[in-house]
Amino acid sequence: MTIPCRFIVNGSAVSGSFPPMRRLLDVLRGECGLTATKEGCGEGECGSCAVLLDDTLVNSCLVPIADVNGREVTTLEGLPKDDPLFAAFAATGGTQCGICTPGMIMAARALLNDCLRPDLSQTREALSGNLCRCTGYGGIYAAIRTASGQGE
Amino acid sequence: MYTSMHNDSRFGTTPLKDAPLRKDGMEKVRGTARYVADITYPGMLHAVTARTRLPGGTIASITFDDHVPWSEYVVVTARDIPGINAVKMIETDQPVLVETHYRHAGEPVVLIAHPDPQALADALAAVHIDERPYAKPPVFAIEEALRADTRRIAADNVYRDYLMEKGSVMDAEKESCQVFEAEYHTGAQEHLYIEPQGMMARMEGGILTVEGSLQCPYYVHAALMYATGLPEERVRVLQCATGGAFGGKEEYPSHIACHAALVTMKAGGRPVALIYGRGEDMAVTPKRHPSRSRVRLGASRDGRLRFIDIDFVIDGGAYLTLSPVVLSRGVIHAAGPYRCDNVRVRARAVATNHPPFGAFRGFGAPQSIFALEAALDELARMLEMEPDVLRRRNVLAPGDISPAGQRIEGPLDMQRVIGQALEACDYHAKVEAYRQWNAQKGAIRKGIGLATFYHGAGFTGNGELALRSRAGLRVGADGLVEILTSTTEMGQGMQTTLSGIVAEALRIPYEGVAVARPDTRDVPNSGPTVASRTCMVVGAILARAADDLIARLRADAALPSVYGYGEFRDACARLHAAGGVTTIIADYRHPAGNEWDESVFQGSPYASFAWACYVAEVEVDAVTGETRIVDFTAVQEVGRVVHATVAAGQIEGGVVQGIGYALFEDVRFGADGQMANNRITNYIIPTSADIPPIRVLFLESRHGAGPGGAAGIGELPMDGPAPAIINAINAALGTEIRHVPAMPEHILAAMDRRSA
Amino acid sequence: MRWYAPRKLHEALALLTERPDLIPIAGGTDIMVGRDPRACGHDYLSLANVAALRGIRETPAGVAIGALATMTEIGRHPIVCRALPALAASARATGAFAIQNRATLGGNIMNASPAADNAPVLLAYGASVSLMSVARLRHVPYENFHSGYKVTVRRPEEILGEIFVPYAPLGARHYFRKVGTRRAQAISKVGLAALLVGRPGAWERVRFGFSSVAATPILACALAATITGTARGLPDDEGLAEALGRDLAARDDIRSTAEYRRRIALNLVREALAPWRHQGGCDAGQ
């Protein structure tokens, strides 16, 4: 059985009929063609699929699409093109293989929306749900520092 | 406060702000890089794999339940293999799909594909593989494998038995010396690249085209030819953006590629996606080899090493795969960067019924280095010496002969590396302060520990000679220089590093160089992307290709002897006008005097080494046995840093994997020999909350064989953290922990043993 | 597969009376894990839109937490942080931010995992829960809520309404510590929360709630009796261990060993009872 759902993705209306327990992640990557959002584990552990749901950070692999009805989703593709996080992540070693990067940037965006100039301990806590296997996190901290105007 | 001191001017490294942007940075931060799971083709099929469940046995029959409409599916078994049913690697003992006999749980037997991925679960459940166990019980432990009365998996259950010998341990033992002896163990380690493995195959114009997440395009190419029987020109392999690999995508992609290829060939060339879920990936793909080392060290009272005697065994798992070369690297690194006239390292790779173990950053060296470095601390304790003093007394210097018989060439200075590391973290003051702190017997115990080590860059021994790698440059009318190499970007920054090397050699801006997509139809075989060889080996080939290109531009396009970028581009345009797109391919040249005798493990095993001293500081909670790394210092002599951000990222990332290896990452095997905790929830890797400040310092003496004196660095940071951390824990607690991972459970137990 | 998403509590209750087989779902952070996306057959009752189940209310006797209150809301709530600091700490220790934004307190205890991060705190504080059906409303002390491994006393037609957490006596000691292998985003090997009234050596009333040491989260009653029943000072380690042995039923599993769990359960109890000098726990009294 499918149910009708209407919601906003990156400012555009999406409507369709979906199996209610279909994961938001699959709808974003499939029907919406927005493949920046990645699947790393499918159980909410790695954070690669993180998006904003009504401006709140969520793991899209754990959100049933029926729950998105009437709400607003922002993926990496929906961030402003001049979000300082992009340039900062590219310049400081915040990305290596790149698979965790979209989720990491979404978590960083959620952090900066909440806190203009996070310190290191706030940054570490805010990113603790996003696993990175390449960078050792140092380049990522540097990116957030730079993007929040705390660069050297 | 987090500090990354790789831009510290005291150490002569290029400041971070001057480093050009990484080539693949923007597409990755924008999310536009295309990974294999991001690709779709019209009419594409999705495939899954049915596998064996028993740890070795025979397949009596395969049956398919009637309720599934099988005509909608593509079903592939061993009978559908047009070529040879073996995955081409060092040997060909491992089947692409099991027909009858098999050796471990999780071996592929049947492939099923359907246009609707939702239709696969039911079908998979409707395939019944009737398996019969072997009479003798499966073998999962090294010592069991070596017993004569257990199940035989390979001849004597020993894949390889090596001996590296120098001087005479027996003679050295006759003279008076202090002897320390102990046994060390390391566990398996899962790569946990965040992108699971996957391949996409299709027939395009009669050409089998396979693209996916992989490290070594030509390994996959060779495996596809072997299994499909297709000629070279009808097989094409392309790399997609690859979401981490660390050795884990060196070998297994050949399996998945063969599987996807078999399905597309049976399905009339329709595109087939074979993408693993996380659980499947963790259960069936190779991991770091578990090891057991018996270490005997003889030393004079003043701490000079008289002999090093090591018996090193790794668990190879059920097929040979890459175990011989993992073992040889482990052997060569087993006696460390130390001066010692009498060395004996016996090393074996044994067969068990685990899924095969394979390549993982460090490739045998982290295992043997852990044992030696942990043993050295215990020897120091026995001799009542400080661990740093013991190492300084024995570490190799230019002019010395290494345990493998290699003469160490200057100008590198390992004493300076050690000195920098100890100074950067204020080592001596902390040793004293922690001693006093721990005397109070509070809930938190503090310790500091170090490890000194080196890591050889490039293939071991004559490996590079055998590979005969090639790489090249291509230039068209616009003067953009494209690098042609089968070396792959998997996050380590190869595009950036090689572009920097080529730009420097051509004396043009970094922006004037690009890297062509690895595509076996378009790029020459530069060998696999492994063994810290990219910068040193492939970089050197490309630097020579650049010289050839300049010579060509001078000869055929009037490039002046001193030129600016505009003149370079003008010359390229003239070259193009005269003869079209120009491609220059250069070949590998073996450094003179680098001879290696594989039969006795003596000679020059590597063209150059990176040298390092790492220091870990820990706090252990005596209430729970939990360990927190509070500070980490990584000082390395790497010859030359080509790109500061990329190089520092390699070190920091490797250190964090090493922290996981030391403290968290515990592969638990089930009764079937497969990884039982095959979920990210249950296999614990470090999060941002677990990571200390990591000080990364580079020394650059230009001693390496690569461009500008660079050595390889990719694997180095995997070697040092585990011994440094275990030495710090043992220093904090007075324990004798001799294995990794040292989980809180083990640490509490070790504390109990000590108080008992 | 059917999906019901009522907005009104009475509609939800009516649906559940009619269809007691419906699986209630709130934030989904447990139910969605490991669920085969192709599985059919289950019908769900989404509670996410039922406004009456939201919110955190202050009452004269304690804090009433709607079943749909998220970990983020609880962890940041000023009254929870001030008056029930161990609960704020356990909420902040439940997964990472992206989980805390979706995971609800009701879901955490209805999932009934023995490793539930908030369960020890609710046990220590002496919380109670309200279970509602069309026919009636009943209150159950939380210590009676879990009746077996992954089983609760909720009847199929009931919805978990509120979790009521009474205030602690003034000057009480609040303790919470979760032990996993790493510092964030780990499933606990042992979780302990304690509420202690009195002072070291002369405890008047103590409650210890544990996770991951038995088939359900447990209130360690034998331990409490031993501590408050000891006339002079603390029982010794053997006494504590003996009492804990009666309360705990620790097992080996993929995450740890029974032996380690018993060991650190005892160590954590000693830490909670000792003059404050520990590093890892939440000292809420200060």
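Please read these numbers as outputs of a predicted model, since none were measured by experiment. In what follows, every chain begins at residue 1, and chains take the letters A, B, ... in the order their sequences are listed. Because only heavy atoms are used, hydrogens play no part in the values below, and waters and symmetry mates are left out as well, while side chains stay in.
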Heavy-atom closest contact (B:G244 atom, A:C97 atom, distance): N-CB, 3.2 Å

So which residue, B:G493, B:A241, B:P686, B:A33, ends up with the most heavy-atom pairs under 4.5 Å with chain A? B:P686

Sidechain-backbone polar pair: A:Y137 side chain, B:G653 backbone, donor-acceptor under 3.5 Å: no

Which answer fits B:V656, side chain, backbone, both or neither, if we ask what part of it has an atom under 4.5 Å from a heavy atom of chain A? side chain

Can you tell me if B:R34 has over 12 outside heavy atoms packed within less than 6.0 Å of its CZ? yes

Measure B:A689 against the heavy atoms of chain A and call it side chain, backbone, both or neither at under 4.5 Å. both

Considering non-hydrogen atoms only, spot the tightest contact between A:Y141 and B:S688 and give its length. OH-O, 2.9 Å

Give, for atom CG of B:D38 and atom OG1 of A:T37, the distance between the pair rounded to the nearest 0.5 Å. 10.0 Å

Heavy-atom pair of closest approach, residues A:E39 and B:P196: O-CD, 4.0 Å

So which of B:M26, B:Q657, B:M282 has the biggest tally of heavy-atom pairs under 4.5 Å with chain A? B:Q657

Would the distance check show the side chain of A:R133 and the main-chain N or O of B:H191 forming a donor-acceptor pair, the cut-off being under 3.5 Å? yes

Any sub-3.5 Å donor-acceptor pair from B:R30's side-chain atoms to A:P102's backbone N or O? no

When every non-hydrogen atom of B:I194 is compared with those of A:S48, the smallest separation belongs to CG2-OG, 3.3 Å

When B:E489, B:E665, B:Q492, B:E27 are compared by non-hydrogen pairs under 4.5 Å with chain A, the top option: B:E665

B:T681 versus chain A, the contacting section by heavy-atom distance below 4.5 Å: both

Heavy-atom pairs under 4.5 Å with chain B - which of A:E77, A:E125, A:K81 has more of them than the others? A:K81

Using a strict threshold of under 4.0 Å (side-chain N to carboxylate O), is an ion pair present between A:K38 and B:E195? no

Do you know which of A:G93, A:G98, A:G129 has the most heavy-atom pairs under 4.5 Å to chain B? A:G98

Have a look at A:E45 and tell me which of B:I680, B:T687, B:N682 forms a side-chain contact (heavy atoms from CB on, under 4.5 Å) with it. B:I680

Sidechain N-carboxylate O distance under 4.0 Å for B:D690, A:R124: no

Under 3.5 Å, is there a donor-acceptor pair between the side chain of B:K28 and the main chain of A:I99? no

If every non-hydrogen atom of A:L76 is compared with every non-hydrogen atom of B:V29, which pair is closest and at what distance? CD2-O, 3.2 Å

The interface call for B:Q650 against chain A, heavy-atom contacts under 4.5 Å, is both

Identify which part of B:A37 has an atom lying under 4.5 Å from any heavy atom of chain A, answering side chain, backbone, both or neither. both

Trace of the side-chain contact (heavy atoms from CB on, under 4.5 Å) decision for A:Q96 with B:V646: CA-CA 9 Å; A:Q96 286 192 22; B:V646 164; over 6 Å; no

